[in-house]
Protein chains: 2
Amino acid sequence: MALTHAIMTALLEDRLSGYELARSFDTSLGFFWKASHQQIYKCLRELEVQGLLSSEEISQETRPDKVVYQLTDSGRAELDHWVAGEGQLREAKDDLFVKLYNLNEKNLPHIQRELTARAEHTRARLALYRQIRERRYQRPQDMPLRQRGIYLALLAGINHCEQFLQWTESCEQLLASAAVN
Amino acid sequence: MALTHAIMTALLEDRLSGYELARSFDTSLGFFWKASHQQIYKCLRELEVQGLLSSEEISQETRPDKVVYQLTDSGRAELDHWVAGEGQLREAKDDLFVKLYNLNEKNLPHIQRELTARAEHTRARLALYRQIRERRYQRPQDMPLRQRGIYLALLAGINHCEQFLQWTESCEQLLASAAVN
DNA sequence: CGCCGCATGTAATTAGTTACATGATTGT
DNA sequence: ACAATCATGTAACTAATTACATGCGGCG
């Protein structure tokens, strides 16, 4: 489960509760690895049993108590070991492309709508990425290595969105004429 | 399971055996939806039970017998229904970006190697995509709708590869100076 | 004779999703 | 009063991976 490594990565610099992890997976690292809170809590318990994380209960006055986790030395070692290993490529799976294989006169309007919706979603995502870049990564070349890595991941997200939006324009062009016929 | 729909899509025009499906998932549709042969065989049996596919055993002299599947009317209807429904976006998961969040002096050489390997893999993939485009999609605007859809999926693959390769160059630039220090 | 491609599976495990559940506090 | 946010879980299920297994025919 690479989710374990994503969680440990999120804990590299901060001690976080399951809830906070789930929140941070809605942004930042979560742009590249999504997980539900259920999965995260389960994973956290397993990681603690394995001794890769340690936990501490924090009492809070105004809010419910929470349990924060941090990397243990052996967690750090395991993470280093994972990073040093060969990453395996998992092919992206996307409904949209499978649907395009089904394109015909009848479903054309619907698929065009889906393309538009995806473009819309991608535009929003791109705006968010760009905002993060402007706020925090004006001069990546001056930053420490880890920050540069995070910046590069962000840049991959930005480039991917830009490319996707260009592609949706190609789709519009190639499908526009068909809509008339 | 969207794999069922990918399988039905692959059977839109051809009657195929499980083995042939697995092979075709190494190319074409498989660029966008991967599956192992075990998963495919299992799925085929379930789809037949549900009446969405029908099968026929084909005796072969020089090779082992095989079972070919084809879409039934209700399979076609189900596929149409799925295409007409709302597609759900599943966020891509990629080790590489999680690893970038772990970037430091120690693992830098390894991560650079991984980036290079991915670029290499992407170049090969891109060459394949381009070959397919040149051989079969010289004039997509003159093709029937379904072919255009398939072309657009291919184009997404091409654009994605091109974008990724540009990104790996950004990585090289931003990480080159660090390697010296 | 041994490996490769064709062709099909079982079994066990891991990963991930969906539905449901609880209970506190803060803001409108 | 009601919804939203914080905080944590259980249970059931679906999807996917990994390891193992079988047997035939062609090629070098």
Side-chain angles (χ1 to χ4, degrees), chain A residues 1-8 14-27 30 32-50 53 55-69 82 85-95 98, chain B residues 1-8 15-27 30 32-50 53 55-69 82 86-95 98:
Chain A
M1 187 172 22
L3 172 60
T4 57
H5 299 108
I7 287 177
M8 286 193 276
D14 303 304
R15 305 163 78 231
L16 297 170
S17 69
Y19 187 84
E20 288 160 345
L21 271 165
R23 302 292 344 258
S24 92
F25 272 50
D26 289 339
T27 55
F32 312 105
W33 206 282
K34 279 275 174 229
S36 62
H37 75 271
Q38 293 92 330
Q39 212 187 336
I40 289 170
Y41 284 118
K42 192 162 166 283
C43 209
L44 284 169
R45 273 173 263 136
E46 285 163 14
L47 284 168
E48 187 171 19
V49 169
Q50 290 165 42
L53 299 182
S55 69
E56 187 187 346
E57 206 172 332
I58 306 276
S59 302
Q60 300 184 113
E61 299 129 33
T62 84
R63 300 173 182 186
D65 293 356
K66 66 180 177 180
V67 181
V68 297
Y69 291 86
W82 174 76
E86 288 310 305
Q88 50 190 343
L89 183 56
R90 63 169 68 192
E91 226 68 38
K93 295 181 175 182
D94 195 328
D95 279 3
V98 179
Chain B
M1 187 173 19
L3 172 59
T4 57
H5 298 109
I7 287 176
M8 286 193 276
R15 305 164 76 232
L16 297 170
S17 68
Y19 188 84
E20 289 160 345
L21 271 164
R23 302 293 341 259
S24 91
F25 272 50
D26 290 339
T27 56
F32 313 105
W33 206 281
K34 279 276 173 227
S36 63
H37 74 271
Q38 294 93 330
Q39 213 187 335
I40 289 169
Y41 284 119
K42 190 160 167 285
C43 207
L44 284 170
R45 274 173 261 137
E46 285 163 14
L47 285 168
E48 188 172 18
V49 168
Q50 290 166 41
L53 299 182
S55 70
E56 187 187 345
E57 206 172 332
I58 305 276
S59 302
Q60 299 184 113
E61 299 129 31
T62 84
R63 299 172 184 188
D65 294 357
K66 65 181 178 181
V67 182
V68 297
Y69 291 85
W82 174 75
E86 288 309 305
Q88 52 190 342
L89 182 58
R90 65 169 68 193
E91 225 70 37
K93 295 182 176 181
D94 194 329
D95 278 4
V98 179

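Each chain gets a letter, A, B and so on, in the order the sequences are listed, and its residues count up from 1.
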Checklist outcome for this item: Shortest non-hydrogen pair, V68(A) vs R15(A), comes out as CG2-NH2, 3.9 Å

Checklist entry - What's the CG-C1' distance between L89(A) and dT17(D), to the nearest Å? => result 15 Å

Checklist entry - Is any side-chain nitrogen or oxygen of K42(A) closer than 4.0 Å to OP1 or OP2 of dT8(D)? => result no

Checklist entry - To the nearest Å, how far apart are W33(B) CH2 and dT17(D) P? => result 11 Å

Next on the checklist: Is any side-chain heavy atom of H5(A) closer than 4.5 Å to one of M8(A)?
Outcome noted: yes

Next on the checklist: Without decimals, in angstroms, what is the distance between R45(B) CZ and dA7(C) P?
Outcome noted: 17 Å

Item to check | Contact pattern, 5' to 3', of nucleotides 20-28 of chain D - B, S or - by protein heavy atom under 4.0 Å | outcome: B--B-SS--

Next on the checklist: Please give me every residue in residues 16-25 of chain B whose heavy atoms get under 4.0 Å of an atom in DNA chain C, ordered by residue number.
Outcome noted: S17(B), G18(B), Y19(B), R23(B)

Checklist entry - Closest nucleotide of DNA chain C for V68(B) versus for S36(A): which of these residues is on the 5' side? => result V68(B)

Next on the checklist: Looking at K34(B), I'd like to know whether one of its side-chain N or O atoms comes within less than 4.0 Å of OP1 or OP2 on dT17(D).
Outcome noted: no

Checklist entry - Rounded to whole angstrom units, what separation is found between the CD atom of Q60(B) and the C1' atom of dC6(C)? => result 8 Å

Next on the checklist: By the definition side-chain contact (heavy atoms from CB on, under 4.5 Å), identify the one residue from Y69(A), W33(A), F25(A) that meets it with I7(A).
Outcome noted: F25(A)

Item to check | Euclidean distance, atom NE2 of residue H5(A) to atom C1' of dG16(C) [Å, nearest integer] | outcome: 17 Å

Checklist outcome for this item: Rounding to 0.5 Å, atoms CD (E20(A)) and CG (D14(A)) come to a distance of 9.0 Å

Checklist outcome for this item: Heavy-atom closest pair (E91(B) atom, G30(A) atom, distance to 0.1 Å) is CG-O, 4.4 Å

Next on the checklist: Can you tell me how far apart NZ (K34(A)) and CG (D26(A)) are? Round to the nearest 0.5 Å.
Outcome noted: 5.0 Å

Item to check | 5'-most by nearest nucleotide on DNA chain D - Q88(A) or E46(B) | outcome: E46(B)

Checklist entry - So, is Y41(A) close to the dT8(D) phosphate, meaning a side-chain N or O under 4.0 Å from OP1 or OP2? => result yes

Item to check | Length of the NZ-C1' vector between K66(A) and dG23(C), whole Å | outcome: 18 Å

Next on the checklist: Minimum heavy-atom separation for Y19(B) and Y41(B), please, with both atom names.
Outcome noted: N-OH, 3.3 Å

Next on the checklist: Using whole Å, what does the distance between atom C1' of nucleotide dG16(C) and atom CZ of R90(A) come to?
Outcome noted: 10 Å

Checklist entry - Can you name the nearest heavy-atom pair linking D95(A) to A2(B), along with the distance? => result OD1-CB, 3.8 Å

Checklist entry - Going by heavy atoms in the side chains, are L44(B) and L21(B) under 4.5 Å from each other? => result yes

Checklist entry - Taking for each residue the nucleotide of DNA chain C bearing the nearest heavy atom, is the 5' side occupied by D65(B) or by Q39(A)? => result D65(B)

